[in-house]
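Taking it in order: structure first as structure tokens, then the write-up.
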Amino acid sequence: MTVVLPVTPTHPSRLGAALEAAGVERGALLAVAVGDRVVGLASAGARIVVQGGVEHLSAVDAAVHPRWVLWDAGSVRALVAAGVRLATCWHIAAAHRLLHGGWRADPQRAWAVEHGLDHRIAPSMGQLDLLSTATAAGAAGDPADPVQPDGYLRPEWVDGRWRADGTMAVTWAGTALDLARRQRAALEAAAPSDAEARRWSATVHAESAAELLCGELEADGLPVDLAIAAELLRDMIGARPVDDAAATAARAELDGTVLRHLPPGSGIDLRNPADVRSMLRRMGIDVPDTRAWRLETLRGDHAIVDDLLRWRKVDRIASTFGYGWLDQHVGTDGRLRGEWAASDGAAGRMTAGAGLHNLPAELRPMVRAEHGHVFVRADLGQIEPRVLAAVSGDPTLGAATAEDDLYLPVARRLGVERSVAKVAVLAAMYGQTSGTAGQALRGMQSAYPTAMKYLADAAAAGETGRPLRTFGGRRLRMYSIDGAADQRAAAAGRGRYARNAMVQGAAAELFKMWAVTVRARAARGTQVVLCLHDELLLHVPSAAAADTVDLVRDGLAEAAHRWSPGSGVRFVADVSVVDSWADAKD
DNA sequence: TGCGGCTATTG
DNA sequence: CACAATAGCCGCAG
């Protein structure tokens, strides 16, 4: 039974009371559609129009603690931009990516796939001006219904037709609610056991919260000391050029440090690898490519190699992380902001733009806590082999995780040096077959048969194009190799991809569960400012540092337990309190 | 203007 | 240069 309650929330408690009266309780799905000065809410028992903005939703969240249903990253951005920070959600796009794989997860696609419709022929706004008879027939019916007679969403609703109208906003929220429930049912149907259904559900919840976290990471940014940044850049690439002419001159001067070894007017472009290669050949250095690691060993052959490598380093900083980068991505508030994606790429890792994930180590001293604050920095130790132990259920590898350094017991068991053991474990997870890992890899086979079988099964699925699911339930679709010139090489590549994605993907799921657990428990004034695959950086008031260190450790234990209850696998984290990201760990 | 190749950086 | 990613510049095709 649907109840419609027009509410003008002059006080947030009125809205909370309305929700309570409608039977919305902790953890219940509550869809929200944020329009223009109007918000639509939809729960199992109520449809509520909120006249006005979203500013009261934080208070409602704290009081009722529902699981908010959101469509996508755009919904998250709209809420965060309005200052709303929700505790949890059901993120339809995140759930879609986990359930079905792939990256695209817009409302129309998520809706179509969950209704057994072909998303490739779904109607879109672009088609409306060239309506074919078929789509016109499909689009008939009541335009006030977001769902067409043919089952697809109406493109104009997807496009935001509902934003200005309260009744339409609640209808759109109701559509999201229907889809979320359908996704939840599909997840339970796809899970082979109750344990997996619980685990996959926990993963969707964590992935959803990670979407909220990404919205906050985008809004909050990473604290940067602009004075230190300028100083670092001045030392590395020189002072900021005053105009374009000065910039050109500085570039020519830098090029000269390498070109001085050549006769004038040689026409070599240092930014063109083919030119660099022929330049080196002229000096008697013949290389198949000019990558730094290859030139490294040839430093003594000719002075130009040394100068070239130095030029590369400076040019790289100047072009990618120079003054232009600083101007573009660091705000006047000293925060470095980039775009964040909660689940990107092959295995569902978090990704970030603006150099946040590949900032050169030499520039990290610019990342500094603000006055009265410190960073709590935490990174997981040896996460991938520990994750392999958990997901494969290998008892011997699991026992090895009891040690702080997992590679020591592995080395003892294989009867090899620690360094060899480490290479062997990594080679097994990455699918390396060549190189020095061969002998130790055979040792791995007899010492850890369960883990090795898990990896071999993943590789076999990849090679034959069978899709997989990670430990947390994320579907890994195998890309087509039909067009590949060398079918066997392509199949082997997909085998390595699958083998690695099962481990890296599961590690990403555990990491996100940790990150969102920390986010949920963090005190007011504490911000998660960076997530880097196995590392968390928190910006905290100095007085809260000690408590936050405990929180990060407890959060890892809590997340690991929720992620793999009873696996017995131990996860470890290095945690330190620092003023700068570059500071040594304690 | 878009795309593949090369290069560098990170986990 | 095993696995994953972002990003810049160059040459080339359209």
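Here is the naming used below: chain letters follow the sequence lines, and residue numbers restart at 1 for every chain.
Without hydrogens or angle criteria, R494(A) side chain to G462(A) main chain gives a donor-acceptor distance under 3.5 Å. Side-chain atoms of R386(A) never come within 3.5 Å of backbone atoms of V569(A) as a donor-acceptor pair (strictly under, hydrogens ignored). Within the 3.5 Å criterion, the main-chain N or O of P223(A) finds no donor-acceptor partner in the side chain of R368(A). Put simply, the side chain of R349(A) never gets that close to the backbone of Q504(A): no donor and acceptor are under 3.5 Å apart.
Nearest heavy atoms, T320(A) versus W325(A): O-CB, 3.3 Å.
Across all strands shown, L356(A) has no heavy atoms under 4.0 Å from either base or sugar-phosphate atoms. Looking at heavy-atom distances under 4.0 Å, A501(A) makes no contact with the nucleic acid at all. Residue A346(A) is classed as a sugar-phosphate contact, given heavy-atom separations below 4.0 Å to backbone atoms only. R496(A) comes within 4.0 angstrom of the backbone, heavy atoms only, and of no base. Residue R294(A) is classed as having no contact, given no heavy-atom separation below 4.0 Å to the nucleic acid. Residue contacts for A361(A): at a heavy-atom cut-off of 4.0 Å it reaches the sugar-phosphate backbone alone, with no base atom in range. If you check every strand for non-hydrogen atoms under 4.0 Å, R291(A) touches a base.
Of the listed nucleotides (dT7(B), dG8(C), dA2(C)), dG8(C) has the atom at the smallest distance from the side chain of S319(A). Nearest to the side chain of P273(A), among dT7(B), dT9(B), dG11(B), sits dT7(B). Comparing dT10(B), dT7(B), dA4(C) by their closest approach to the side chain of R364(A) singles out dT10(B). Among the nucleotides dG11(B), dT9(B), dA4(C), the one closest to any side-chain atom of N500(A) is dA4(C). When each of dG11(B), dA2(C), dT6(C) is scored by its nearest atom to the side-chain atoms of A427(A), the top-ranked nucleotide is dA2(C). Closest to the side chain of Y430(A), from the set dC3(C), dT7(B), dA4(C), is dC3(C). For D289(A), the listed nucleotide lying nearest its side chain is dT7(B); candidates were dC10(C), dA4(C), dT7(B). Ranking dA2(C), dA4(C), dA8(B) by closeness to the Y497(A) side chain, first place goes to dA4(C). Listed candidates were dC3(C), dC9(C), dT10(B). Nearest to the side chain of N358(A) is dT10(B).
In this structure, L441(A) atom CG and dA2(C) atom P are separated by 16 Å, rounded to whole Å. With rounding to whole Å, L270(A) atom CG is found 12 Å from dG11(C) atom P. Taking atom CG of L295(A) as the reference point, atom C1' of dC6(B) lies 13 Å away to the nearest angstrom. Between the CZ atom of R312(A) and the C1' atom of dT9(B) there is a distance of 14 Å, given to the nearest Å. Atom CZ of F321(A) and atom P of dA8(B) are 14 Å apart (whole Å). Computed from coordinates, the I317(A) CD1 to dA8(B) C1' distance equals 9 Å when rounded to whole Å. Whole-Å rounding puts the W311(A) CH2 to dC9(C) P distance at 11 Å. Atom CZ of R494(A) is separated from atom C1' of dC3(C) by 17 Å (rounded to the nearest Å).
Residue T290(A) has a polar side-chain atom (N or O) positioned under 4.0 Å from OP1 or OP2 of dT7(B). Here K313(A) does not reach the OP1 or OP2 of dT7(B): none of its side-chain N or O atoms lies under 4.0 Å away. For dG11(C), the OP1/OP2 oxygens have a side-chain nitrogen or oxygen of N272(A) closer than 4.0 Å.
Remark on DNA chain C: of its neighbouring residues G431(A) and A352(A), the 5'-side contact belongs to G431(A), judged by nearest-heavy-atom nucleotide. Both T351(A) and T320(A) lie close to DNA chain C; mapped to their nearest nucleotides by heavy-atom distance, the more 5′-ward contact belongs to T351(A).
On the C1' atoms, dA2(C) is 22 Å away from dG4(B), given to the nearest whole Å. Taking atom C1' on both dC1(C) and dA5(C), the two are 15 Å apart, rounded to the nearest angstrom.
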Show every donor-acceptor pair shorter than 3.5 Å between a side-chain atom in residues 442-450 of chain A and any protein atom, with sequence neighbours excluded, or say none if there are none.
unit_1	atom_1	unit_2	atom_2	d
R442(A)	NH2	Q439(A)	OE1	3.1
S446(A)	OG	G443(A)	O	3.2

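Taking the centre of each ring, W340(A) and H357(A) come in below the 6.0 Å mark.
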